[in-house]
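Count residues from 1 along the sequence.
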Amino acid sequence: MPTAALALGVFAAIRVGGAAVLALAAWWAGRSPVRVLGHSWDSVWYLAIARHGYGRTQIWPVTGLVQSDYAFFPLYPALVRLAGGGEWGGLLVSWTAAAVAAVGVYRVGELVAGRRVALLLVALWAVVPHAVVLTLAYTEPLLVALAAWSLYALLRERWLLAAALALVAGLTRPTGIAVAAAVSVTALHALLVRRSRAPAVWAAGLLAPAGWLAYVVAVGVARDDVTGYFAVQRQWGSRFDGGRATLSKVWEVLGGGPVALATAVSALLLGTALLLALLLLADRPPLPLLVYTAVLVVIAVGGAGYFESKPRFLLPAFPLLLPLAAVMARARPRSAVVVTAGLAGLGYAYGVYLLVFARMPL
């Protein structure tokens, strides 16, 4: 069996198992498994855009919070609409994208660190606590599919393909800008350091951020405000504060005060992500992976907003898991299987807690 197919099989087995556990827990709790998987939190907004287009605003009288659907980028709801709309349409798009993403993650890992590390990279990505999102009607699977294949094309110096995928990734969600940054910075490095004069390099550097910029401009035009998109994000409570809000919440957790389990786990996962980022930096990864991962980490840690969502924002940062995959690759196969199975079990339990029992936003 080709190793890429094996990686896809491992990923599918882990995530199908997670979806089955989540569905059984939902059924046991008297809730519809399809509603839990396909109509939770942000999925509600995406499905509404797929059905009715943009223009919905939710006002919360108690808090004064005003939430506009312009906060959500258009590619995913457009694909859901093409898939027939509704929960099953959202799940079809997400599950298909997750499979494409798994193969892309494997290909990047194989190119950078070899087949064994790549296989373990896919397995680890499938079992991280917030990997439950990969089986929901959310945008992360679509972003990772586009990001992984864009990075793979970039590592193979297929400049225009990498830029085209980055452009489309920029229409997926705000953090899609990380893919564009990887392409544009790598192109700039090729031009200034490697003295490349290839027209494709120039074109890639300029084309990559076009999708993200186009949506930001479109929101500004729709709201008759050049900063309209960022105003929408501020109304949702999302803004960049350099990490002050994150540090404040982590300090609250370390202080031993009464905090929700999801808050404590989020703080632990953020700390782990920063440690893995340092290990990845020490391994001197290729420039595209470094830029892509760094932008995602800066956005997740430096942004103020719903703290418990931050680990989900880091889910696309799969290169963070390369150092851990490399360590596991040196262990006995049985040990790697046991560790992966244990992490999968913890991830399943955490996903059930978030979505079925605590009903925490993701």
Side-chain angles (χ1 to χ4, degrees), residues 41-82 85 90 93 137-140 142-143 146-147 163-185 205-246 292 295-310 312-313 316 361-362:
W41 302 107
D42 285 0
S43 299
V44 176
W45 290 88
Y46 285 117
L47 295 184
I49 296 170
R51 291 191 185 105
H52 310 296
Y54 285 93
R56 175 189 173 194
T57 298
Q58 177 75 50
I59 301 174
W60 301 91
V62 175
T63 61
L65 199 63
V66 179
Q67 296 177 328
S68 166
D69 58 8
Y70 281 121
F72 299 94
F73 279 54
L75 181 60
Y76 179 76
L79 293 176
V80 172
R81 186 179 182 87
L82 290 175
V93 172
Y138 264 58
T139 55
E140 274 74 15
L142 182 58
L143 174 61
L146 294 165
L165 291 170
L167 183 154
V168 180
L171 295 169
T172 304
R173 56 176 297 105
T175 47
I177 192 62
V179 190
V183 175
S184 295
V185 171
L206 295 173
L207 182 65
W212 189 89
L213 290 172
Y215 182 68
V216 171
V217 170
V219 174
V221 171
R223 293 175 63 90
D224 196 24
D225 176 6
V226 69
T227 62
Y229 172 75
F230 302 101
V232 167
Q233 288 290 351
R234 285 194 298 271
Q235 289 174 335
W236 274 81
S238 298
R239 67 188 188 283
F240 189 83
D241 69 351
R244 289 191 295 274
T246 301
Y292 170 72
V295 172
L296 288 173
V297 171
V298 168
I299 291 173
V301 176
Y306 189 68
F307 182 76
E308 286 75 9
S309 293
K310 290 183 180 296
R312 173 170 66 88
F313 299 158
L362 280 169

**OP:** Mind checking the CH2-CZ spacing from W45 to R56? Nearest 0.5 Å is all I need.
**Re:** 4.5 Å
Subject >> Minimal non-hydrogen separation, V168 against T172, with atom names >> reply: O-OG1, 3.3 Å
Original post:
When rounded to the nearest 0.5 angstrom, what is the spacing between CZ in F240 and CZ in F230?
Top reply: 12.5 Å
Subject >> Y70 ring center near Y229 ring center (under 6.0 Å) >> reply: no
Original post:
Should we count CZ of R81 as having more than 12 external heavy atoms under 6.0 Å?
Top reply: no
**OP:** Please round to the nearest 0.5 Å and tell me the distance separating atom OG of S238 and atom OH of Y306.
**Re:** 12.5 Å
Original post:
Which value, rounded to the nearest 0.5 Å, describes the distance between W212 atom CH2 and T175 atom OG1?
Top reply: 11.0 Å
Original post:
Any side-chain heavy atom of L143 sitting closer than 4.5 Å to one from V179?
Top reply: yes
Original post:
If you look at every heavy atom in G303 and D241, which pair is closest and at what distance?
Top reply: C-OD1, 4.1 Å
Original post:
How many angstroms lie between atom CZ of F73 and atom OG1 of T139, to the nearest 0.5 angstrom?
Top reply: 10.0 Å
Original post:
Between CH2 of W236 and CD of Q58, what distance do you get to the nearest 0.5 Å?
Top reply: 8.5 Å
Original post:
Where the side chain of T246 meets the backbone of V301, is there a donor-acceptor pair that is under 3.5 Å apart?
Top reply: yes
Subject >> Y54 side chain to F72 backbone, donor-acceptor under 3.5 Å >> reply: yes
Original post:
Do any N or O atoms from the side chain of Y215 and from the backbone of P174 form a donor-acceptor pair under 3.5 angstrom?
Top reply: no
Subject >> Closest heavy-atom pair and its distance - S184, P209 >> reply: OG-CD, 3.7 Å
Original post:
Okay, side chain of Y292, backbone of P316: is any donor-acceptor separation there less than 3.5 Å?
Top reply: yes
Subject >> Under 3.5 Å: donor-acceptor pair, side chain of K310, backbone of G305 >> reply: no
Original post:
How close do A181 and V295 get, heavy atom to heavy atom, and via which atoms?
Top reply: CB-CG2, 3.9 Å
**OP:** Show your reasoning for whether salt bridge (Lys or Arg N to Asp or Glu O under 4.0 Å) applies to D42 and R312.
**Re:** CA-CA 12 Å; D42 285 0; R312 173 170 66 88; 3.5 Å; yes
Subject >> Residues which pass salt bridge (charged side-chain N to carboxylate O under 4.0 Å, His left out) with D69, listed by chain and number, not counting sequence neighbours >> reply: none
**OP:** Could you tell me which non-hydrogen atom of A304 sits nearest to which non-hydrogen atom of A245, and how far apart they are?
**Re:** CB-CB, 3.7 Å
